[in-house]
Number of protein chains: 2
Amino acid sequence: MDVRVRSAEQVELDQLQSALGFLLRIAQLKVFQQYFMQPGEDRLKPGEFSVLWVIKCNPGIRQSLLCQRLMIKRAHMTKLIRALEERGWVARRIPDEDRRGVELTLTAEGEAAVADAAEGFFAFENTVGSELNASEREQLMVLLRKLVNIKGSGL
Amino acid sequence: MDVRVRSAEQVELDQLQSALGFLLRIAQLKVFQQYFMQPGEDRLKPGEFSVLWVIKCNPGIRQSLLCQRLMIKRAHMTKLIRALEERGWVARRIPDEDRRGVELTLTAEGEAAVADAAEGFFAFENTVGSELNASEREQLMVLLRKLVNIKGSGL
DNA sequence: AAGATAATGTTTCCTTGTAAACAAATTTCG
DNA sequence: CGAAATTTGTTTACAAGGAAACATTATCTT
């Protein structure tokens, strides 16, 4: 008789299976791996898409606010924004009211790029959590929004 | 009148607030930032702790299985394990039944290190999700376990 | 048995993300 | 007002993590 563990499901996690941070990390990694497993050539990466999307939804948003909402460090955001600027997708503007900050907007090309990517992105997002039924998925969304202080949609 | 968005909560996300992958990512990043914001000197990083913990709970576990369960890539796992080996915490053994694989166990020092870190780690984990009440937290855990195929505890 | 295929780790190179020090502009407060 | 503290973004130097090619061992096919 050989009872050696052979599948991931059989691995004993003990208390770790009640560790919320751990579960979130595993879930998140799983989603990313699924995302990158998809074909698609020069698809936007999730980080890029979300930055562009949020700028689109909040024209003139401050870079620091983007950092706060997307949980991206300032140092890293600088690189992201510079790269998107070089692709001709975002425009940086130093406002006169506060010349430390940077106001971000999309260029016309940027708008087009987001519009282009949005369909695929949200289509993928809708496949996330297929292990759950519709009501569980909705419930998970509600709990996560609460966890991260995103007010629910007014839908 | 100035209605410019000033706080992260006010940032418009539109459809993104219904994107499960996005919400998971934000939640996960938030937890990590909280973790690293804590003081503590040479605390184990979450990844290190979980690897040690899972080896402790599954002595002799194969490296590849660890990868699967912890969603860590093989290339990266090699580095993690080698580092833990150099610290004298894990022992690698090439089993005769299959000389491709590696069986992992903790050394006595490894056991001590995990035991030492466990209290702090799980204490932190219990603070995760304080934005939710007890029943919401439990519900979130159940949903995440289902999402990642971790069978619930028999508690 | 022998050659093709697959599984498992490792190595190397590259991308993503973080930490710390810095620069510039703004705010706070004696 | 004016010095100290804060906010914001950037730079540099590093750590974490991933992709691809490779080596070794095992399995599959015939």
Side-chain angles (χ1 to χ4, degrees), chain A residues 4 6-8 25-26 28-39 41-51 60-86 90 92-104, chain B residues 4 6-8 25-26 28-39 41-51 60-86 90 92-104:
Chain A
R4 177 176 291 104
R6 342 187 90 71
S7 77
R25 172 118 177 111
I26 299 298
Q28 205 277 309
L29 288 173
K30 180 173 178 180
V31 172
F32 258 40
Q33 296 198 2
Q34 284 172 349
Y35 185 85
F36 290 112
M37 209 179 300
Q38 292 207 324
E41 263 319 282
D42 31 275
R43 266 184 319 151
L44 291 177
K45 278 162 281 182
E48 294 171 335
F49 178 80
S50 60
V51 165
I61 192 176
R62 289 295 197 71
Q63 197 164 309
S64 59
L65 203 50
L66 253 191
C67 288
Q68 290 171 42
R69 180 68 289 177
L70 299 181
M71 305 298 287
I72 294 173
K73 292 287 187 310
R74 275 171 306 156
H76 186 38
M77 185 61 81
T78 295
K79 297 177 201 172
L80 287 177
I81 294 298
R82 294 298 187 161
L84 294 173
E85 191 187 19
E86 281 186 6
V90 319
R92 303 167 62 254
R93 172 176 170 272
I94 312 291
D96 273 344
E97 322 89 76
D98 185 343
R99 303 180 33 72
R100 292 169 304 185
V102 177
E103 286 180 2
L104 304 169
Chain B
R4 177 176 290 106
R6 337 187 95 71
S7 79
R25 172 119 176 110
I26 299 297
Q28 203 278 308
L29 288 173
K30 181 173 176 178
V31 172
F32 258 38
Q33 295 197 5
Q34 285 172 348
Y35 184 85
F36 290 112
M37 208 178 301
Q38 292 209 324
E41 263 318 284
D42 31 274
R43 267 183 318 151
L44 291 177
K45 278 162 281 181
E48 295 170 335
F49 178 81
S50 60
V51 165
I61 191 176
R62 288 297 197 72
Q63 198 165 308
S64 60
L65 203 50
L66 252 191
C67 289
Q68 290 171 42
R69 182 67 289 176
L70 299 182
M71 304 297 289
I72 293 173
K73 291 289 184 309
R74 274 172 306 155
H76 186 38
M77 185 61 81
T78 295
K79 296 175 201 171
L80 287 177
I81 294 298
R82 295 299 187 158
L84 294 173
E85 191 188 19
E86 280 187 7
V90 320
R92 302 167 63 253
R93 171 175 171 273
I94 312 290
D96 273 341
E97 322 88 77
D98 185 344
R99 302 182 31 74
R100 293 170 303 184
V102 177
E103 286 181 0
L104 304 170

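Quick caveat: nothing in here was measured; it's all calculated off a predicted structure. All values below come from the heavy atoms of this structure, side chains included, with hydrogens, waters and symmetry mates left out. Numbered from 1 within each chain, the chains take letters A, B, ... in sequence-line order.
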Round to the nearest Å and state the distance from [X] atom [atom1] to [N] atom [atom2].
X        : N      : atom1 : atom2 : value
A:Ile94  : D:dT10 : CD1   : P     : 7 Å
A:Gln68  : D:dT8  : CD    : P     : 7 Å
A:Glu97  : C:dT26 : CD    : C1'   : 13 Å
B:Ile61  : C:dG9  : CD1   : C1'   : 15 Å
B:Leu84  : D:dA16 : CG    : P     : 12 Å
A:Glu103 : D:dT7  : CD    : P     : 19 Å
B:Asp96  : D:dA26 : CG    : C1'   : 14 Å
A:Asp98  : D:dT6  : CG    : P     : 17 Å

Heavy-atom closest contact ([X] atom, [Y] atom, distance):
X       : Y        : value
A:Asp98 : A:Arg100 : OD2-NH2, 2.7 Å
B:Val51 : B:Ile81  : CG1-CD1, 3.9 Å
A:Ser7  : B:Leu65  : C-CD1, 3.6 Å
B:Arg74 : B:Cys67  : CA-SG, 3.8 Å

query = Under 4.0 angstrom, heavy atoms only, what part of the nucleic acid is A:Thr78 near: base, sugar-phosphate, or nothing?
reply =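 Base contact.
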Sorted by position of nearest nucleotide on DNA chain D, 5' first, the leading residue of B:Pro95 and A:Gly101 is A:Gly101
query: Which nucleotide sits closest to the side chain of B:Lys45: C:dT10, D:dT8, D:dA15?
result: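 Among C:dT10, D:dT8, D:dA15, the one nearest the side chain of B:Lys45 is D:dA15.
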Side-chain contact check for A:Ser64: nearest option of C:dT26, D:dT8, D:dT10 is D:dT8
Mark yes or no for whether [X], through its side chain, and [Y], through its backbone, hold a donor-acceptor pair below 3.5 Å.
X       : Y       : value
B:Arg25 : A:Met71 : no
B:Arg43 : B:Tyr35 : yes
B:Glu48 : B:Lys45 : yes

Considering only nitrogen or oxygen atoms on both sides, find all protein atoms under 3.5 Å from nucleotides 17-24 of chain D and state each distance.
residue : atom : partner : partner atom : Å
D:dG17  : OP1  : A:Arg25 : NH2          : 3.0
D:dG17  : OP2  : B:His76 : NE2          : 2.8
D:dG18  : O6   : B:Lys79 : NZ           : 2.5

